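Read through the structure below, which is laid out as structure tokens, and then see the notes.
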Amino acid sequence: MTDTPPHGTVRPGGRTARVRAAVLEAAGDILAEHGFAALDLAEIARVAGVGKTTVYRRWGTPGALAADLLADMAEQSLPRARTGGVDADLRENARLVVRSLTDPRQGRLFKALIAASLCDEQAAQALHRFYAVRIDEWAGCVTDAVERGELPAGTHARRVVAQVSAPLYYALLNTGEPLTEDVADRAAAAAVAAARAGAL
């Protein structure tokens with residue numbers, strides 16, 4: 001649900017897009033390496049090789065910059081699976097989450113953004129929007145499954161998708177349980193079982 005294209009991907013779109021891409025890449029690197037407290041706009045401008053005035057004028061605060069980074073990550077995230085079966089679709093979702101959270105850079109970046117959301121309202125709202133976008137993207141797996149008769153009518157698609165990733169984030173942030181493909185598969189299977197039982 002959270003996977004993004006390879007680090008360093010720059011989309012075309014003129015100077016403004018290039019500046020944004022450079023600043024967001026620098027911000028992501030600093031967040032992943034040092035956390036939200038180190039997100040200094042002047043330092044990001046230096047690392048990105050752009051004018052400090054440009055960064056202050058466009059973003060203004062570390063929270064706004066973190067919010068734009070999350071918006072960019074949502075835009076670049078991979079589309080949902082379409083395997084033709086809900087078990088496989090949601091298994092792909094869970095594995096995608098695990099790949100993102102265990103990626104050396106991406107995993108640290110998500111931890112930093114989650115930490116930022118606890119102390120900065122802009123970052124919190126942006127994180128909520130990010131997950132809303134990703135859950136809505138994958139909810140189609142569940143609505144398709146209902147139409148195919150794999151899940152009961154009235155199944156809440158967004159709750160099912162959230163149920164897939166919830167134990168994975170819990171392991172990342174609370175228990176420290178290693179995130180493996182097997183853990184991902186169990187999370188997906190539990191969510192599907194709950195949906196089939198009418199619990200979601």
Side-chain angles (χ1 to χ4, degrees), residues 1-6 9 66-103 105-118 120-200:
M1 185 174 66
T2 56
D3 204 23
T4 57
T9 298
D68 196 24
L69 179 60
L70 280 160
D72 185 69
M73 290 164 63
E75 290 169 12
Q76 297 190 54
S77 293
L78 297 176
R80 72 167 176 101
R82 296 177 183 271
T83 68
V86 69
D87 295 270
D89 278 353
L90 295 185
R91 190 161 54 244
E92 285 301 308
N93 176 245
R95 290 180 180 183
L96 189 58
V97 173
V98 164
R99 286 199 302 273
S100 295
L101 297 182
T102 56
D103 179 84
R105 179 180 186 271
Q106 200 76 359
R108 291 198 308 269
L109 180 55
F110 273 107
K111 284 182 179 179
L113 288 166
I114 290 167
S117 74
L118 300 176
D120 185 278
E121 185 59 30
Q122 284 179 301
Q125 291 177 6
L127 190 65
H128 299 158
R129 286 194 298 272
F130 172 84
Y131 284 114
V133 168
R134 298 309 298 145
I135 287 173
D136 285 343
E137 170 70 20
W138 283 84
C141 298
V142 179
T143 55
D144 287 353
V146 172
E147 291 175 4
R148 291 192 299 263
E150 291 182 271
L151 295 177
T155 298
H156 196 295
R158 298 183 87 258
R159 287 178 188 159
V160 175
V161 176
Q163 187 71 25
V164 172
S165 59
L168 305 176
Y169 278 93
Y170 187 82
L172 176 78
L173 299 171
N174 293 287
T175 68
E177 177 187 5
L179 289 172
T180 64
E181 195 169 89
D182 183 58
V183 170
D185 292 352
R186 289 201 307 270
V192 173
R196 286 196 169 116
L200 300 173

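Keep in mind that this is a model prediction, so the values were computed, not measured.
Using a 4.5 Å heavy-atom threshold, the side chains of Met73 and Phe110 count as touching. No side-chain heavy atom of Val98 sits under 4.5 Å from any side-chain heavy atom of Glu181. For the pair Cys141 and Asn93, the minimum side-chain heavy-atom distance is 4.5 Å or more. Taking 4.5 Å as the limit, some side-chain heavy atom of Ser77 sits within range of a side-chain heavy atom of Arg134. Using a 4.5 Å heavy-atom cutoff, the side chains of Val183 and Glu177 are in contact. Between Leu70 and Leu113 there is a side-chain heavy-atom pair separated by less than 4.5 Å.
Between Val97 and Ser165 the shortest heavy-atom distance is CG2-CB, 4.2 Å. In terms of heavy atoms, Ala94 sits closest to Leu168 at O-CD1, 3.7 Å. When all heavy atoms are compared, the tightest approach of Ala123 to Asp120 is N-OD1, 2.9 Å.
Salt-bridge annotation for Asp144 and Arg80: present, with a side-chain N of the basic residue lying under 4.0 Å from a carboxylate O of the acidic one. Between Arg91 and Asp87, no side-chain nitrogen of the basic residue sits less than 4.0 Å from a carboxylate oxygen of the acidic one, so the salt-bridge criterion is not met.
Judged as a side-chain contact (heavy atoms from CB on, under 4.5 Å), and not counting sequence neighbours, the contacts of Ala194 are Ala199, Leu200.
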_Verdict with reasoning, Arg99 to Asp103, per salt bridge (charged side-chain N to carboxylate O under 4.0 Å, His left out)_ = CA-CA 6 Å; Arg99 286 199 302 273; Asp103 179 84; over 6 Å; no
*Could you please spell out the steps behind the side chain to side chain contact (heavy atoms under 4.5 Å, CB included) verdict for Leu69 and Leu109?*
CA-CA 10 Å; Leu69 179 60; Leu109 180 55; 4.0 Å; yes
*Given side chain to side chain contact (heavy atoms under 4.5 Å, CB included), test Leu96 with Trp138 step by step and report yes or no.*
CA-CA 11 Å; Leu96 189 58; Trp138 283 84; 3.5 Å; yes
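Between the CD1 atom in Ile114 and the CG atom in Leu172 there is a gap of 6.5 Å [rounded to 0.5 Å]. In this structure, the separation between CD on Gln125 and OG on Ser117 is 11.0 Å, given to the nearest 0.5 Å.
The main-chain N or O of Ser100 is never found under 3.5 Å from a side-chain atom of Gln106 such that the two would form a donor-acceptor pair. A donor-acceptor distance shorter than 3.5 angstrom exists from the side chain of Asp89 to the backbone of Thr83, with no hydrogens or angles considered.
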Side-chain donor/acceptor pairs under 3.5 Å, residues 153-160, sequence neighbours excluded:
from	atom 1	to	atom 2	distance (Å)
Thr155	OG1	Pro152	O	2.6
His156	ND1	Arg159	N	3.2
Arg158	NE	Asp136	OD1	2.6

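Under the 30°/60° scheme for interplanar angles, the aromatic rings of Tyr131 and Tyr169 are found to stand perpendicular.
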